[in-house]
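One structure is given below, represented as structure tokens, and several questions about it will come after.
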Amino acid sequence: MKVNTLKLTPSNYPDVLRQISSPPKQLYWRGVPLEEVILKPRVAIVGSRKATPYGRTITEDLATRLARAGVVIISGLAFGIDSYAHKATLAAGGCTIAVLPSPIQKVAPATHHHLAEQIVKNGGALTSEYSEHEDVHVVNFIARNRIVSGLADVLLITEAAKNSGSLHTARFALEQGKTVMAVPGNINSPTSEGCNNLIKSGAVPVTGIEDVFFALGMDLQPKQAIKVFKGTSEQQLIYKLITQGIKDQEELAQSSQMAVPQISSTLTTLELQGYIRPIGAGSWTIA
């Protein structure tokens with residue numbers, strides 16, 4: 001396993017980290033060189049380790065759309081939101097960077113060793129400020145967060161409870177002058193209390209991917225125009241109904257007068273072809 005080292009003084013040490021408070025004295029990394037990463041737009045996505053289905057769905061959706069637009073996704077390889085962001089980026093063919101609280105040779109958590117390898121294999125990178133012989137301490141997990149936010153242009157928190165560790169990342173981002181964004185959640189959900197409080201304190205609320213693109217200064221909107229394709233009459237009918245706003249599978253079955261097995265097969269085919277995507281609770285939208 002080849003692990004590269006960057007000292008604070010060399011010219012290829014990322015300027016975005018050189019300028020933060022307490023910059024790492026050295027960085028260890030595997031995969032794509034960090035100096036290549038910082039040439040692209042970058043969003044750090046973090047959040048609760050105990051994510052709800054809502055948090056997971058939102059994270060995967062936003063990470064996928066950003067990755068497809070060429071945005072690098074940065075996170076901490078932790079359980080929950082971090083891992084969902086990394087995996088969604090990989091599935092979308094994008095680049096993702098994992099900042100570890102441990103030496104690269106001792107991936108933490110150990111159960112994410114395979115995910116770490118997939119990140120490197122698919123054109124991403126692992127980075128850490130800890131050498132091979134250092135132990136993992138609790139303080140490392142907080143200290144790691146200043147690098148997560150430091151490498152990013154924008155910090156996006158998709159789900160966080162009141163005392164979530166991701167709020168440390170928000171504090172670091174604010175100190176670094178970065179844009180902090182948060183996804184609002186149910187006001188009765190403890191797992192969204194941290195995000196809702198951040199928004200009340202001035203974080204930018206994210207209600208759609210357009211908000212993140214705007215924060216990045218990217219003149220890019222998700223493609224909502226109807227795609228021209230050659231499909232069966234059933235596929236064309238279902239696709240047309242979804243573009244008209246009928247998204248629930250039962251409503252689609254009613255409007256199309258198609259049998260349940262037939263509509264299920266049609267929806268699956270449209271999803272595999274990249275025309276639609278599931279948004280949960282048996283509903284669909286244009287991809």
Side-chain angles (χ1 to χ4, degrees), residues 4 14 29-47 51 55-100 104 107 112-127 148 151-156 158 181 183 206 208-229 231 239 242 267-280 284-287:
N4 306 282
W29 59 276
R30 284 183 62 203
V32 64
L34 295 181
E35 59 264 31
E36 292 183 15
V37 173
I38 61 174
L39 297 176
K40 302 176 181 179
R42 306 170 308 281
V43 171
I45 299 180
V46 299
R56 177 172 184 168
T57 299
I58 293 297
T59 300
E60 292 176 339
D61 180 57
L62 293 174
T64 296
R65 293 180 178 223
L66 289 167
R68 287 176 177 171
V71 176
V72 176
I73 303 301
I74 301 164
S75 199
L77 204 72
F79 293 114
I81 296 299
D82 288 24
S83 64
Y84 298 145
H86 288 307
K87 290 175 182 177
T89 303
L90 293 175
C95 175
T96 183
I97 307 301
V99 183
L100 306 182
I104 289 176
V107 170
H112 282 171
H113 176 79
H114 177 70
L115 176 56
E117 292 300 315
Q118 288 300 307
I119 288 173
V120 173
K121 181 179 178 181
N122 288 276
L126 309 176
T127 187
V148 171
L151 284 171
D153 295 312
V154 168
L155 171 66
L156 171 59
T158 53
M181 311 187 78
V183 175
V206 174
I209 191 65
E210 301 89 348
D211 298 324
V212 187
F213 286 141
F214 181 81
L216 289 168
M218 296 176 65
D219 184 17
L220 182 64
Q221 297 292 332
K223 296 178 181 179
Q224 296 293 340
I226 297 176
K227 297 180 181 178
V228 178
F229 66 98
Y239 185 75
I242 294 175
L267 288 167
T268 299
T269 301
L270 289 172
E271 180 186 6
L272 291 174
Q273 292 176 344
Y275 292 111
I276 64 173
R277 60 182 177 83
I279 54 176
W284 301 79
T285 190
I286 300 302

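Worth saying up front: this structure is predicted, and the values here are computed from it rather than measured.
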(request) Nearest 0.5 Å please: distance from the CD1 atom of I73 over to the CD1 atom of I45. (result) 4.0 Å
(request) Measure across E271 and P278 and return the closest heavy-atom pair with its distance rounded to 0.1 Å. (result) OE2-CD, 3.3 Å
(request) Report yes or no: does D61 contribute a side-chain atom to a donor-acceptor pair with the main-chain N or O of T57 at less than 3.5 Å? (result) no
(message) Are M218 and V71 packed together at the side-chain level, in the sense that at least one heavy-atom pair is separated by less than 4.5 angstrom?
(response) yes
(message) I need the minimum non-hydrogen distance between A85 and T59, along with the two atoms involved.
(response) N-CG2, 3.7 Å
(request) State the CG-CG distance between N4 and L126, to the nearest 0.5 angstrom. (result) 11.0 Å
(request) Search all heavy atoms of I279 against all heavy atoms of W284 and return the closest pair with its distance. (result) CG1-N, 4.0 Å
(request) Report the residues that fulfil side-chain hydrogen bond (donor to acceptor under 3.5 Å, both in side chains) with T96, sequence neighbours left out, ordered by chain and then residue number. (result) H86
(request) Find the distance between CD1 (I119) and OG (S75) and round it off to the nearest 0.5 Å. (result) 9.0 Å
(request) Please name the pair of heavy atoms, one in A215 and one in M181, separated by the smallest distance, quoted to 0.1 Å. (result) CB-SD, 3.7 Å
(request) Applying side-chain hydrogen bond (donor to acceptor under 3.5 Å, both in side chains), name anything that partners D211, two or more places apart in sequence or on another chain. (result) T207
(message) Counting C-beta onward and ignoring hydrogens, is there a side-chain heavy-atom pair between K87 and L115 closer than 4.5 Å?
(response) yes
(request) With the side chain counted from C-beta on, respond yes when D153 and L216 share a heavy-atom pair under 4.5 Å apart, and no when they do not. (result) yes
(request) Might you work through the side chain to side chain contact (heavy atoms under 4.5 Å, CB included) test for I242 and I286, ending with a clear yes or no? (result) CA-CA 7 Å; I242 294 175; I286 300 302; 3.8 Å; yes
(request) Flag the pair T64 / T89 as yes when at least one side-chain heavy-atom distance between them is below 4.5 Å, and no otherwise. (result) no
(request) Could you tell me whether the side chain of H113 reaches within less than 4.5 Å of the side chain of Q118, counting heavy atoms only? (result) no
(request) Quick one: closest heavy-atom pair of S83 and H112, and the distance? (result) CB-CE1, 3.7 Å
(message) My understanding is that only residues two or more places apart in sequence, or in another chain, count here; which of them pass side chain to side chain contact (heavy atoms under 4.5 Å, CB included) with I38?
(response) P14, V16, R42
(request) Could you grab the distance from atom CG of L77 to atom CD1 of I74, nearest 0.5 Å is fine? (result) 13.5 Å
(message) Taking side chain to side chain contact (heavy atoms under 4.5 Å, CB included) as the criterion, tell me which of T269, T268, L270 meets it with I276.
(response) L270
(request) Report the C-alpha distance between V46 and I81 in whole Å, list the side-chain angles of each, state the deciding distance to 0.1 Å, and finish with yes or no for side chain to side chain contact (heavy atoms under 4.5 Å, CB included). (result) CA-CA 6 Å; V46 299; I81 296 299; 5.6 Å; no
(message) I97 vs V32, test: side chain to side chain contact (heavy atoms under 4.5 Å, CB included). Steps then yes/no.
(response) CA-CA 9 Å; I97 307 301; V32 64; 4.2 Å; yes
(request) Could you tell me whether the side chain of L34 reaches within less than 4.5 Å of the side chain of T127, counting heavy atoms only? (result) yes
(request) Show your working on side chain to side chain contact (heavy atoms under 4.5 Å, CB included) between T158 and Y84 and close with a plain yes or no. (result) CA-CA 11 Å; T158 53; Y84 298 145; over 6 Å; no
(message) For a quick test of reading the model, state the closest non-hydrogen atom pair linking G123 to C95 and the distance between them.
(response) O-SG, 3.5 Å
(message) If I take atom CH2 from residue W29 and atom CD from residue E35, how far apart are they, to the nearest 0.5 angstrom?
(response) 6.0 Å
(message) Nearest 0.5 angstrom please: I209 CD1 to R68 CZ, how far?
(response) 11.0 Å
(request) Could you check if a side-chain atom of V183 sits within less than 4.5 angstrom of a side-chain atom of L62, using non-hydrogen atoms only? (result) yes
